[in-house]
Structure formats: structure tokens, C-alpha cells
J.: 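The structure follows.
Just so it is clear, the values below take in all heavy atoms, side chains as well, and ignore hydrogens, waters and symmetry mates.
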Amino acid sequence: MDAPEKNVEKYTTVLVAQYLKKKGFLDTLKLFQREASVPVSVTDDSQPSSTNAEIDDLQSIIADRVGFDDHILKDKLKDLTLNDALPTIDTARFQIYPWNFDVKFDNVTYQSLNSIPIATSFCHDSAKSMLISTAGRELSLFDAQLEMQKVIVDRDGKSFGVVKLVGSIPCSDMFYACTMDGSLLLFNEKYEPLKDGKYKVHARMITQVQFAKKSDHEWYVVTAGMDNTLKVSILDNSTPCPVLSEQSETSLLSACTTMNMASYEVAMGNTKITKQVIILSRMDFTHLICYLIDENNKLQNIFNIALNNAQFSTHSFNVRGVEIINTQSHANVSNISHNTFMSIATSHVPYMRLVLVELPDITEAINSYYSTEEDTDTTFMQTHTYYDKILRNVATQIPQDSYSQPVIKYVPKCKGLIVGGDTALYAIDLNNGESWELDITGYSSGQRVKSLDVDMVTSEVSVGTASKTVMVARL
């Protein structure tokens, strides 16, 4: 490097250091001084300069440059970000933070499988085990180092067939699996199938399932199937053979694409009653549908949230993924609070969009749903659709086509979303809307993500790819 280049290098580092000091970015300044070997005297106002020369600050130099060719720079700035004019959002209320770049995806374990993984799920047991189902009709148990412990079979030693969904039941030592014939299977803490623990819930495959604790020995089980029905059942584990009894059923006009469930405390006089809120989406319908399980264990469609502003056109894109963020979790139970919002992945092509949506006040929505006529004291039910709950509509750089099935998950340590796409694993910064392909040790781009799970306590991430590989990243 010749002398003029060295002077430019020194001058640039001085300008950056002084700018960081002026703006109060002191932590960043310390890192910059250490990595760029900037003398402390450059930013020390108490030390007088040895010469009479004054150095222009960074902002004044850039201001002169902008004034020289303003129109050219404006066009360049537009190309730097997709979301340079995002609407303001109450980041304090919704606890939206910038992506935590201190977290690295470098502690990664890989395991090759015999066939494509369909579902991966952390078991939340003391051994930090993982359940993995594959297209090869295998349901297997792996340890924390992704070493196979056992292949799980039925009581006759036969395969369960292809398993679509697997996981642990919250606040219990039981585990579940959903097979292609619409059955729900239950397992004990040793990952052994329970006696009479197979329940035919749907006529066709179960596509979505959620559990919520009802009492000491009871759980709500909410399922959606390819038969376009949504069902609420109660699982009673007070007897040696658990009993699953159907409580409510409603027909859907099209297939359910996503389903989430969380608890909400409703004030009833001086007491608070916990209600289960189900939020789902379905094909060819650009609304989120919210159901409540009432005191009779029946489904009530208390409100909808429109994801577009066209009140006379209910379909413009499909919802492909929903993640409820900032639920107050306790014992693996998600509770809706004032800070809760949702992230929705859309079917837009060639790039996915992310819609951030706030929830309405659930108590007010319930009161609005159960309306009473003053003259007759007759209570009638009326579903309200909200058109003003969109916080942001964010453009991403995540490619997809009409057949893509992105999986989105929130990672607490990263303060942002990860998205399993057609060719890679991506990150989304909820604060500024930026998206990029994650740099993961040992992970090669071009692998379609088939399954994705996040441990909300440890922020461990499991990824199953179409290349017959499972990866676990410990952040």
C-alpha cells in the first residue's frame, strides 16, 4: 500500500471513530478502536491537537457529497434495502429488537438419514432427546448428539407407517405422533406406545395438531385434517388407558394451512378464567380465523383478522406460516399478553412477504361476539372482522414458487425469525425487515428445508433437509 492509500485509510478510521464518539455509540467505538487500532487520542476531547489543522467530521463530508449529486445517491440508497420506508411500530410494546449478531450458528451437529425427514421435534426431556420421522416409514429417537437410540414401533413390532407430526404433550411425560390415516398415537416417557393409545380422529390425514392443559389429568387436543374439519377433543389421563373424547367439530370451506393455539385469561367478575384461543388460516382465504373454546368445550368463531384491505375480496394470497411472538410462556404453555403479535409468511412469488399483525383485545372481542338485544335480552353471536391490525407488510429476499412450503420459527436468543426455504435457511430482522441467508458452519446452500423446530428455552434449532440430513445448532 503506497503513502496516499495509507493516508486515506488512516483518515477514514479517524472519521468513523469520531462519528461513533459523537453519536454516543460507545460500545461499538470500543470494538472499533481495538480492531482498527485507532489511537485513543483521536476521540479524546481533553487532549489538545498538536497542530492548528481541523478535521472535517464524517457527516459534513457526506453532506457535501449528497449536495453534489443528490439524485444519484437517492437511487443508490433505494437499492440498499427493500424496506426503507416501513411504517413506525411500537417497538417497546411489542418488544421488537434488532437481530442479535453476537449469536453464531457455529456449534452444529449433523446426522445423515436413510430417507428424507418429514418432522423433527425436541422432546423436552432430561436427556434432550429428539424425535424424527422420515419418508421411509421410520419414527426414531435420537440423543442430544444426534445418535440414534431406538426405532419406535407399535406393540407388535411393526412400523406406524409415514408419520406427519411428532412432539411432546405440554405439562406431561407423554409424546404423540400423527399418522397418514388420520390417527393420533400416544407414547409414555420411555417412548413406548400406550395400550389402546391409538385414536382415529379424522377420516384423512391430520395436518395440524395443538395441545393445551385443561386440568391435572386433562388436555385439550385441537386437530385439523385433510377432511377439512376442525375438531376439539379432551384427553383424559386419569385412568391407565387414556381416553380421547370428541367435544366439538366445525367444517372448513377449504384446507387448513396453519394453526396455532395459546391461552388467554378472561376476567369474569373478580375471577380470571383461562380460555384457549385457536388461530388458523385456510386455503384461498386471506383472513386469520380465531376460535375460542367456550365453557361447553365448543368452538366459537369470535373474530377474523383481514390480511389485506380489500373488504370485498377475501382472497389475494395464501398464508403459509404463522408464528405467535411474545407469549408469556410458563411450563410450555403460551399465554397471550398485551405484547403479543404474529408474523405471517405469505405465498407471494417470486419472493415471500412477511406480515406483522397485532391481536385485538380478546376480552373486547368476546364481548362483541356475544351481543345482547336490550328489548328481548336475547344473546346472539356475531363474528367481527378486523381490517386495521396490520403492523407491517415486509418484503423479503426469500425466493419461493407456487409449491413452496416455508417454515418460520422465532428464535429467542437471536431476537428474530428463521425461515426454512426452498434452497437455504434464512434470517429475518423484525426491527428493520432485512432478510438474508444464514451462515451456518458446515451447511451448504441449495438444500430444501423440510422440517424446522426451535427449543424456546435454549434456542437450539433443528433442521431437516431434502438431502436426507438433520442438523442441530446450539446457539
J.: In terms of relative ring orientation, are W436 and F101 parallel, tilted or perpendicular, with 30° and 60° separating the classes?
T.: parallel

J.: So, do F211 and Y176 have ring centers that fall under 6.0 Å from each other?
T.: yes

J.: So among K23, K22, K21, which one has a salt bridge (Lys or Arg N to Asp or Glu O under 4.0 Å) with D57?
T.: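 Testing D57 for a salt bridge (Lys or Arg N to Asp or Glu O under 4.0 Å) against K23, K22, K21 leaves exactly one candidate, K22.
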
J.: Side chains of D453 and T120: donor-acceptor distance under 3.5 Å anywhere?
T.: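 No - no donor-acceptor pair under 3.5 Å links their side chains.
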
J.: Establish, yes or no, whether the cationic atom of K213 lies under 6.0 Å from the six-membered ring centre of W219 and within 45° of the ring axis.
T.: yes

J.: Do the non-hydrogen side-chain atoms of R93 and H338 ever get within less than 4.5 Å of each other?
T.: yes

J.: Applying the salt bridge (Lys or Arg N to Asp or Glu O under 4.0 Å) test to D422, which of K450, R448, R320 qualifies?
T.: R448

J.: Using a 4.5 Å cut-off on heavy atoms from C-beta on, say whether the side chain of L359 contacts that of M342.
T.: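 In contact.
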
J.: Can you find a pair of side-chain heavy atoms, one from S343 and one from Y410, that are under 4.5 Å apart?
T.: no

J.: Does a side-chain heavy-atom distance below 4.5 Å link T363 with N367?
T.: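 Sidechains of N367 and T363: in contact.
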
J.: For residues T258 and S281, is any side-chain donor paired with an opposing acceptor at under 3.5 Å?
T.: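 Note: T258 and S281 side chains meet the donor-acceptor criterion.
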
J.: A side-chain contact here means heavy atoms from C-beta on lying under 4.5 Å apart; do N431 and K415 qualify?
T.: no

J.: Whether the R282 and S254 side chains hold a donor-acceptor pair (N or O, under 3.5 Å, no angle test) is what I'd like checked.
T.: yes

J.: When you check the side-chain N and O atoms of T423 and Q447, is any donor under 3.5 Å from an acceptor?
T.: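 Short answer, no.
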
J.: Is the ring pair H384/Y386 parallel, tilted or perpendicular, if the boundaries are 30 and 60 degrees?
T.: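 Judged by the thresholds at 30° and 60°, the geometry between H384 and Y386 is perpendicular.
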
J.: To check you understand the geometry: which heavy-atom pair defines the closest contact between L354 and A345, and what is its length?
T.: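 So the minimum-distance heavy-atom pair works out to CD1-N, 4.3 Å.
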
J.: Just so I know, are the side chains of L425 and L452 near enough to count as touching, which here means a heavy-atom distance under 4.5 Å?
T.: yes

J.: Ignoring hydrogens and angles, state whether a donor on the side chain of E437 or S445 is under 3.5 Å from an acceptor on the partner side chain.
T.: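 There is such a pair between these side chains.
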
J.: L184 versus T223: any side-chain heavy-atom pair under 4.5 Å?
T.: no

J.: With Y443 as reference, evaluate V108, T465, L438 under the side-chain contact (heavy atoms from CB on, under 4.5 Å) test and give the passing residue.
T.: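 It is T465, the one option of V108, T465, L438 that forms the side-chain contact (heavy atoms from CB on, under 4.5 Å) with Y443.
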
J.: If we only count heavy atoms from C-beta on, is the F142 to V470 side-chain gap below 4.5 Å?
T.: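 Side-chain contact under 4.5 Å: no.
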
